[in-house]
Amino acid sequence: MNYWLLKSEPNTFSIDDLKKLPRQTDHWDGIRNYQARNFIRDDMQLNDLALFYHSNCTQPGVVGIVQIVREAYPDYTASDPRSPYFDPKNSADNPRWYMVDVKFKRKLSRIITLKELKQHSELVTMSLLKRGNRLSIMPVTTKEWRFILSLE
DNA sequence: GCCAACGTTGGC
DNA sequence: GCCAACGTTGGC
């Protein structure tokens, strides 16, 4: 059982967008960073839980919790020329990019903002808060997970 | 919109 | 394998 943080731009795909889907489940496509790819392909397991984080918006922060309901499989948008995530170097028999399926679990009772997270010494080692970290998927330790949710 | 901090690309 | 140029991320 691992914990994760998934970034999404709410203008593109918000926690409410996920919640509104018929099965409240969607594939997490468009990961085009090798480190993030390795996390989901090698380490992410069925039933893992993840913080849903809104980035690049007026109030960046943790807004909810989702669950991994399907482990990594090839990201088909990489071989779709019409997709913004199309990668001409991807090949079907040796897929370069992967995605997982995530299911909405719940929204937090309030947004735990980036600003707030930065104020706690317990979280200074958190990947999200390290300087210049732009990974869209990162692991969260059990300690960090519990601490963040205790702020709710 | 700015820009720092990255990651990737490609010439050499 | 080096590294300059370029593209992207994401807070502000």
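A:Arg146 has no carboxylate O lying under 4.0 Å from a charged side-chain N of A:Glu122, or vice versa, which leaves the two without a salt bridge.
You'll find that the side chain of A:Arg131 is closest to B:dA5, out of C:dG11, B:dA5, C:dG10. Comparing B:dC6, C:dG11, C:dG10 by their closest approach to the side chain of A:Lys7 singles out C:dG10. Of the candidates B:dT8, C:dC12, B:dA5, the closest approach to any side-chain atom of A:Tyr34 belongs to B:dT8.
Residue A:Asn133 contributes atom CG, which lies 10 Å from atom C1' of B:dA5 at whole-angstrom precision. Atom CZ of A:Arg32 is separated from atom P of B:dT8 by 13 Å (rounded to the nearest Å). Counting to the nearest Å, the P atom of C:dC12 and the CG atom of A:Leu117 are 11 Å from each other. Atom CG in A:Asn33 sits roughly 10 Å away from atom P in C:dT9 (whole-Å rounding). One atom, CE of A:Met138, and another, P of B:dG7, lie 12 Å apart when rounded to the nearest Å. Distance, A:Leu129 CG to B:dA5 P: 16 Å, rounded to whole Å. Counting to the nearest Å, the P atom of B:dA5 and the CG atom of A:Leu135 are 17 Å from each other. A:His54 places its NE2 atom 14 Å from the C1' atom of C:dG10, with the value rounded to the nearest Å.
Here the side chain of A:Asp80 pairs no donor or acceptor atom with the backbone of A:Thr77 at under 3.5 angstrom.
Residues A:Lys130 and A:Asn56 both approach DNA chain B. Their nearest nucleotides, taken by heavy-atom distance, put A:Asn56 toward the 5′ side.
Under 4.0 angstrom from either OP1 or OP2 of C:dG11 there lies at least one side-chain N or O belonging to A:Tyr53.
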- Determine, step by step, whether A:Arg37 and A:Asp42 satisfy the salt bridge (Lys or Arg N to Asp or Glu O under 4.0 Å) criterion, reporting the C-alpha distance in whole Å, the side-chain angles of both residues, the deciding distance to 0.1 Å, and the verdict. CA-CA 8 Å; A:Arg37 189 278 311 268; A:Asp42 305 336; over 6 Å; no

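Relative to the six-membered ring of A:Phe39, A:Arg41 misses at least one condition, a distance below 6.0 Å or an angle of at most 45° to the axis.
Nucleic acid contact class of A:Lys118 (heavy atoms, under 4.0 Å, all strands): sugar-phosphate only.
A search for salt bridge (Lys or Arg N to Asp or Glu O under 4.0 Å) contacts involving A:Glu116 returns A:Arg110, not counting sequence neighbours.
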